[in-house]
Q: 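One structure is given below, represented as structure tokens, and several questions about it will come after.
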Amino acid sequence: ADPEVRDWAAQKLAKDKAYSAVSAIDAALTSEKVPRTRMNVAFALAQLGEAPGFDALEQNCKDRQAQAGIVARSAEYLLRFDRETAACFDALLGILRTGSTGYRAEAASLLPRFENLSTEDSERTFAALLKALHAPDASVRMAAGRALAGTADKRALTALREAAAS
């Protein structure tokens, strides 16, 4: 079968809560070579509460060779389960700082969903979003602005006022 069929099959099994298929989905994860399909098969396992799914998604965030889209989506999948990982946080921060436009905007929209950050990581996020507020691309600026508007940080209001005036 092709990657799309494997992806769809795993998602359908997860949607149907087919716990009897966990070993087959896990085997598919182990053997899958197409990164996007592998990520989605991992998500199917995660939906069924299986650790290998969560582990594979986090591994995507740790993989410095992974495509930004795979990293961002893996982080988003984990956040759906309230799983905040340092690896995904750091990877998203890196994408926001140096990624391509679309992925920078996605990272800006995902970073505020990390609620259990240290003071240092909150500052790193704020600084990166502040810088993104002045990015050349409007979609990145808008995502950064929305992210800053959703914070309780009073400095965000000043930054947003300045951005609106410029």
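Just so you know, these numbers use all the heavy atoms, side chains as well, and skip hydrogens, waters and symmetry mates. Quick note: residue numbers are just sequence positions, from 1.
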Q: Please name the pair of heavy atoms, one in A159 and one in L133, separated by the smallest distance, quoted to 0.1 Å.
A: O-CD2, 3.7 Å
Q: Which ILVMFWY residues can you reach from V22 by hopping between side chains whose heavy atoms are under 4.5 Å apart?
A: L13, Y19, I25, L29, V41, L45, L48
Q: Please evaluate residues N40 and W8 with respect to the criterion side-chain contact (heavy atoms from CB on, under 4.5 Å), reporting the C-alpha separation (whole Å), side-chain torsions for both, the decisive distance (0.1 Å), and the verdict.
A: CA-CA 9 Å; N40 288 332; W8 179 85; over 6 Å; no
Q: Check E123 with R155, please: is the shortest side-chain N to carboxylate O separation under 4.0 Å?
A: yes
Q: Okay, side chain of E32, backbone of V34: is any donor-acceptor separation there less than 3.5 Å?
A: yes
Q: Work out which heavy atom in R113 is nearest to a heavy atom in E84; give both atom names and the distance.
A: O-OE2, 3.6 Å
Q: For the backbone of K15 and the side chain of Q47, can you confirm whether one donor and one acceptor N or O come within less than 3.5 Å of each other?
A: no
Q: Between D2 and E4, is there a donor-acceptor pair closer than 3.5 Å when you use the side chain of the first and the backbone of the second?
A: yes
Q: Locate the shortest heavy-atom distance separating L93 from A128; write the atom from each residue and the value.
A: CD1-CB, 3.7 Å
Q: Out of N60, D63, T85, which one pairs with S74 under the side-chain hydrogen bond (donor to acceptor under 3.5 Å, both in side chains) rule?
A: N60
Q: Please round to the nearest 0.5 Å and tell me the distance separating atom OG of S23 and atom CD of E50.
A: 9.5 Å
Q: Any chance you could measure E106, atom CD, to S100, atom OG, to the nearest 0.5 Å?
A: 10.0 Å
Q: With respect to Y103, which candidate in I95, T98, V140 satisfies the side-chain contact (heavy atoms from CB on, under 4.5 Å) definition?
A: I95
Q: What are the two closest non-hydrogen atoms of A14 and A44, and how far apart are they?
A: CB-O, 3.5 Å
Q: Quick one: does T151's side chain have a donor or acceptor within less than 3.5 Å of a partner on L148's backbone?
A: yes
Q: Which heavy atom in C61 sits nearest to a heavy atom in A91, and how many Å separate them?
A: O-CB, 3.5 Å
Q: Between the side chain of E58 and the main-chain N/O of C88, is any donor-acceptor distance below 3.5 Å?
A: no
Q: If you link ILVMFWY side chains whenever their heavy atoms are less than 4.5 Å apart, which other residues fall into the same cluster as Y77? By chain and number, please.
A: M39, F43, F54, L57, I70, L78, F81
Q: Do R124 and D90 meet the salt-bridge criterion of a basic N to acidic O distance under 4.0 Å?
A: yes
Q: Please tell me if the side chains of R97 and K131 come closer than 4.5 Å, counting only heavy atoms from C-beta onward.
A: no
Q: Would you indicate whether the side-chain heavy atoms of Q59 and D55 approach each other to under 4.5 Å?
A: no
Q: Go through the steps to decide whether D121 and F89 satisfy the test side-chain contact (heavy atoms from CB on, under 4.5 Å), and finish with yes or no.
A: CA-CA 9 Å; D121 284 343; F89 170 76; 3.5 Å; yes
Q: Strictly below 4.0 Å, N to O, side chains only: are R141 and D137 in salt-bridge contact?
A: no
Q: Using every non-hydrogen atom in the two residues, find where G99 and R104 come nearest and quote the distance to one decimal.
A: O-CD, 3.0 Å
